[in-house]
**Student:** 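Sharing a structure below in structure tokens format, with a few things to ask.
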Amino acid sequence: MKYDRIDKQLYIKNRADFRQLMEPNSLAVFNSNDIFPISADSTMPFQQHRDILFLSGVDQEESILVIFPDSKNEAHKEVLFLKETSDLIAVWEGEKLNKVQAFEVSGIKTVYWLNQFPVIFKQMMADASNVYINTNEHLRANTEVETREDRFIKQLKSDYPAHQVKKSAPIMHRIRSIKDAIEIELLQKACKITEAGVRRLLSYIKPGVWEYEIEAELAHEFLRNRSKGFAYTPIIASGKNACVLHYIENNQQCKDGDVILLDVGAEYANYASDLTRCIPVNGRFTTRQKEVYNAVLHVKKSAEKLLVPGTIMAEYQKEVGRIMEGQLLNLGLISQLDITNQNPEWPAYKKYFMHGTSHFMGLDTHDVGLWNEPIKAGMVFTCEPGIYIPEEGLGIRLEDDLVVQESGAPFNLMKDIPLEAEEIETLMNE
Ligand code: GLY
Ligand code: MN
Ligand code: MN
């Protein structure tokens with residue numbers, strides 16, 4: 001791992017939170033991700049499944065966590081199964097956790113090698129009535145590949161048809177949505193690395209620079225700060241490309257007079273950061289560009305204030321829509337008539353602001369969370385309004401990551417990243 005060891009108290013507490021929400025006489029199983037193949041003997045870099053990571057800190061493939069609070073065998077209340085390692089295996093395959101290290105990372109005392117799983121799991125299942133399985137219930141998940149977890153669930157249902165199956169996902173969404181102080185620190189670190197990347201760019205961007213050159217500068221800055229790199233595929237979109245919401249080609253030259261939309265964030269220790277800034281290629285916004293920029297900034301500042309305990313996210317989105325409507329009227333992009341005639345299902349403002357304002361953020365960029373309950377302190381959201389005007393070759397989105405506080409405005413993890421148009425101009429022209 002490039003990141004510094006995380007205090008195992010985090011994982012001890014996370015498992016306690018999970019146990020609290022389990023039914024009696026139940027066990028829960030969490031699988032790691034596979035290492036995904038490319039072709040020949042090539043593989044994608046490993047990315048741990050965020051749930052086993054959240055509950056154990058184990059950041060390696062071929063790992064299983066079982067939580068069984070009511071086990072009569074004290075040693076089986078929580079168990080890790082890991083890929084076998086030894087000094088000899090380490091020479092060939094590289095360092096993996098040994099049993100002592102696994103305890104130091106996770107706080108779990110009972111660690112077996114993976115080849116012992118079938119026999120030990122059978123004993124555990126014989127004593128349990130219910131089994132919690134970990135299906136992916138993220139509303140936007142859209143995966144065609146069968147994950148290690150999917151394969152495990154299929155096998156489990158065939159091997160143990162008499163057990164009651166329960167869902168881990170609602171529990172995970174609940175406990176992952178409120179961030180621990182240790183997690184907030186890690187998110188802050190990811191945001192600070194992103195900040196270093198942005199500051200590097202402000203003196204680098206000039207007319208003629210290519211979008212991929214900007215991507216390379218960011219990658220360099222992220223990696224030298226112990227990040228694995230981008231938390232999600234970066235969007236570096238100059239001019240009209242900024243109006244393509246998921247533009248990831250990053251292969252165009254940035255022209256004098258254009259604005260570049262940068263939706264980029266570093267990861268740190270698997271925690272994401274999610275930022276958007278818009279930067280004038282030549283160091284100065286035109287009057288019109290600044291008008292649109294400041295309209296988005298106004299919406300962002302107003303929206304952020306609504307991220308307080310008790311807010312219902314569906315109502316928040318409606319309110320932000322109303323604020324945006326006022327700005328689009330001022331900019332002359334929509335008219336009062338457009339609003340009078342609008343389809344309530346697709347209000348007029350959506351022509352220029354067609355995406356959501358906020359999402360949960362954490363171990364996943366679009367993190368899991370409770371969308372239908374009032375929000376609470378400790379939740380982390382992005383705030384990212386935007387205005388996209390293809391006919392003007394201009395797209396502006398501004399995005400920060402915010403922690404909901406017990407009282408008052410949310411804490412902005414990106415408060416030190418230049419945001420005001422004038423500050424960006426000043427830094428670019430120093
Ligand atoms: N970068 C993805 C998003 O802003 O949601
Ligand atoms: Mn983003
Ligand atoms: Mn976002």
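Start at 1 and go down the list; that is how both ligands and their atoms are numbered. Each residue takes its place number in the sequence, starting with 1.
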**Student:** Between Asn429 and Thr426, is there a donor-acceptor pair closer than 3.5 Å when you use the side chain of the first and the backbone of the second?
**Tutor:**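 It does not hold such a pair.
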**Student:** Got a list of side-chain donor-acceptor pairs under 3.5 Å for residues 181-191, not counting sequence neighbours?
**Tutor:**
unit_1	atom_1	unit_2	atom_2	d
Glu183	OE1	Asp180	N	3.1
Glu183	OE2	Tyr271	OH	2.6
Gln188	NE2	Leu413	O	2.9

**Student:** Taking Asn341 for the side chain and Asp338 for the main chain, is one N or O donor matched with an acceptor at less than 3.5 Å?
**Tutor:**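 Looks like no, no N/O pair under 3.5 Å.
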**Student:** May I ask you to check whether over 12 heavy atoms, not counting those of Lys206, lie within 6.0 Å of atom NZ?
**Tutor:**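 Yes, enclosed.
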**Student:** For ligand 1, which atoms, with element, lie under 4.0 Å from some heavy atom of Tyr232?
**Tutor:**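 Reading through ligand 1 atom by atom, the close ones are 1 (N).
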**Student:** For ligand 1, indicate whether the residue Asp274 contacts it via side chain, backbone, both or neither (heavy-atom separation under 4.0 Å).
**Tutor:**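 Just the side chain.
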**Student:** Pair up each side-chain donor or acceptor in residues 51-61 with any protein partner under 3.5 Å, not counting sequence neighbours, and list the distances.
**Tutor:**
unit_1	atom_1	unit_2	atom_2	d
Asp51	OD1	Arg176	NH1	2.8
Asp51	OD2	Asn134	ND2	3.0
Ser56	OG	Ile52	O	2.7
Ser56	OG	Val58	N	3.0
Asp59	OD2	Tyr3	OH	2.7
Asp59	OD2	Asn270	ND2	3.0
Gln60	OE1	Leu97	N	3.0
Glu61	OE1	Lys96	NZ	3.4
Glu61	OE2	Lys96	NZ	3.0

**Student:** So is Thr365 polar-close to ligand 1, meaning N/O to N/O under 3.5 Å?
**Tutor:**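 No.
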**Student:** Are the side chain of Glu325 and the backbone of Arg322 linked by a donor-acceptor contact shorter than 3.5 Å?
**Tutor:**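 Flag not set: sc Glu325 to bb Arg322 has no pair under 3.5 Å.
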**Student:** Would the distance check show the side chain of Arg277 and the main-chain N or O of Leu262 forming a donor-acceptor pair, the cut-off being under 3.5 Å?
**Tutor:**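 Flag not set: sc Arg277 to bb Leu262 has no pair under 3.5 Å.
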**Student:** Starting from atom 4 (O) of ligand 1, locate the nearest protein heavy atom and write down its residue, its atom name and how far away it is, to 0.1 Å.
**Tutor:**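 For atom 4 (O) of ligand 1, the nearest protein heavy atom comes out as Glu384 OE1, 3.0 Å.
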**Student:** Counting from 1, what ligand 1 atoms have a heavy atom of Glu399 closer than 4.0 Å?
**Tutor:**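 Heavy-atom distances to Glu399 below 4.0 Å select 4 (O).
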**Student:** Mind listing the protein N/O/S atoms less than 2.8 Å away from the Mn ion (ligand 3)? Waters don't count.
**Tutor:**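 Short answer, with waters excluded from the count: Asp274 OD2, His359 NE2, Glu384 OE2, Glu399 OE2.
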**Student:** Just by distance, do the side chain of Glu211 and the backbone of Ser238 share a donor-acceptor pair under 3.5 Å?
**Tutor:**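 Yes, the answer is positive, given that a donor and an acceptor are paired below the 3.5 Å cut-off.
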**Student:** Sequence neighbours excluded, which residues qualify as ring pair (Phe, Tyr, Trp, His ring centres under 6.0 Å) partners of Phe360?
**Tutor:**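 Partners of Phe360 under the ring pair (Phe, Tyr, Trp, His ring centres under 6.0 Å) test: Trp371, Phe381.
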**Student:** At less than 4.0 angstrom from any non-hydrogen atom of His366, what atoms of ligand 1 do you find?
**Tutor:**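 Within the 4.0 Å cut-off of His366, ligand 1 contributes 2 (C), 3 (C), 5 (O).
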